[in-house]
Amino acid sequence: MALLRGVNLGRHNRIAMADLRALIEELGFTDPRTHLQSGNAIFRAASDDPDEVARALESRLTVPVMVRTPEELAAVVSGNPFADIATDGARLVVSFLSQAIDPGRAAEIEPSSVAPDRFHIAGREVYAWCPDGLQNSKLSYALWEKRFGVVATARNWNTVTRLLALARE
């Protein structure tokens, strides 16, 4: 599964999902499907290396790409630390990172500085529960990029779980 960052937002980085599916096939990947217009693609790749798949896609696109295997995505869903409190899938967000954040550096963010929002860093993902909505949250993908020098793209929980369902089909 590939998650493209920053496509079809405003006038920049426009790509039709039909064109994305065609590009995926041109690169030798099979069974491409897309979900929504925000650059979510599910497909089969011969390579087991998500970074190799991401590099292949990025070589033909103008945006960063995060790739996760179905198993990795299943682990993201099963590892949800906010399952007991997140009551709205549109307010629970997962930021997918290009690399893991050093746990020591992650401790630099004081939880009270982002309250009432809460976050949890797990490997290459950051879960953010934003009970008052995402509009004014400080926990956007940009925080992780600026603070820790990683590339990130975020999806709400509804999209994450739908992508997992599509990957399992």
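Worth knowing before you read on, the calculation uses all heavy atoms, side chains too, and leaves out hydrogens, waters and symmetry mates. For reference, positions follow the sequence shown, starting with 1.
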Common cluster, [X]/[Y], ILVMFWY with side-chain heavy-atom separation under 4.5 Å:
X: I101; Y: V114; result: yes
X: F43; Y: L166; result: no
X: Y127; Y: L3; result: yes
X: V65; Y: M17; result: yes
X: L73; Y: M66; result: yes

Which value, rounded to the nearest 0.5 Å, describes the distance between [X] atom [atom1] and [Y] atom [atom2]?
X: F119; Y: S137; atom1: CZ; atom2: OG; result: 11.0 Å
X: R44; Y: I24; atom1: CZ; atom2: CD1; result: 13.5 Å
X: L139; Y: W129; atom1: CG; atom2: CH2; result: 12.5 Å
X: E108; Y: S113; atom1: CD; atom2: OG; result: 11.5 Å
X: L23; Y: L20; atom1: CG; atom2: CG; result: 6.5 Å
X: Q99; Y: D51; atom1: CD; atom2: CG; result: 9.5 Å

What closest approach, in Å, do [X] and [Y] show between heavy atoms, and which atom pair accounts for it?
X: L97; Y: A152; answer: CD2-CB, 3.6 Å
X: V94; Y: E125; answer: CG1-CG, 3.8 Å
X: D132; Y: P116; answer: OD2-CG, 3.2 Å
X: N158; Y: G89; answer: OD1-CA, 3.3 Å
X: I121; Y: A106; answer: CD1-CB, 3.3 Å
X: D117; Y: P131; answer: OD1-CD, 3.6 Å

Does the side chain of [Y] come within less than 4.5 Å of [X]'s, by heavy atoms?
X: P50; Y: T69; value: yes
X: Y141; Y: V93; value: no
X: F96; Y: V160; value: yes
X: W157; Y: V77; value: yes
X: E72; Y: R124; value: yes
X: L92; Y: N156; value: no

Begin with the C-alpha distance, continue with both residues' side-chain angles, and end with the deciding distance and a verdict on side-chain contact (heavy atoms from CB on, under 4.5 Å) for L27 and R60.
-> CA-CA 9 Å; L27 290 169; R60 300 282 303 276; 3.9 Å; yes
Verify side-chain contact (heavy atoms from CB on, under 4.5 Å) between T153 and L4, making sure each step is shown before the conclusion.
-> CA-CA 7 Å; T153 188; L4 282 61; over 6 Å; no
Can T34 and R21 be counted as having a side-chain donor-acceptor contact under 3.5 angstrom?
->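 The answer is yes; a qualifying pair exists.
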Can you find a side-chain donor-acceptor pair between S78 and N80 that sits under 3.5 Å?
->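 There is no such pair between these side chains.
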Determine yes or no for a side-chain-to-main-chain donor-acceptor pair under 3.5 angstrom, with E25 supplying the side chain and A22 the backbone.
->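 No; zero donor-acceptor contacts below 3.5 Å.
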Short side-chain to backbone donor-acceptor contact, E145 and V151, under 3.5 Å =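 It does not hold such a pair.
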Answer yes when R55 and E52 have at least one side-chain N-carboxylate O distance shorter than 4.0 Å, and no when they do not.
->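 Looking at R55 and E52, the cut-off is not met.
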Please determine if R91 and D88 form a salt bridge, counting it only when a charged side-chain N lies under 4.0 Å from a carboxylate O.
->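 Looking at R91 and D88, the cut-off is met.
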Are more than 12 heavy atoms from other residues, nucleotides or ligands located less than 6.0 Å from atom CG of D84?
->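 Buried by this count: over 12 neighbours within 6.0 Å.
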What do the steps show when you test Q37 against I15 for side-chain contact (heavy atoms from CB on, under 4.5 Å), and what is the final call?
-> CA-CA 8 Å; Q37 294 295 316; I15 185 168; over 6 Å; no
Worked check of side-chain contact (heavy atoms from CB on, under 4.5 Å) between D102 and F148 = CA-CA 9 Å; D102 178 318; F148 301 107; over 6 Å; no
Pick out which of R155, H35, R162 makes a side chain to side chain donor-acceptor pair (under 3.5 Å) with N40.
->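 Checked R155, H35, R162 against N40; only one passes side chain to side chain donor-acceptor pair (under 3.5 Å): R155.
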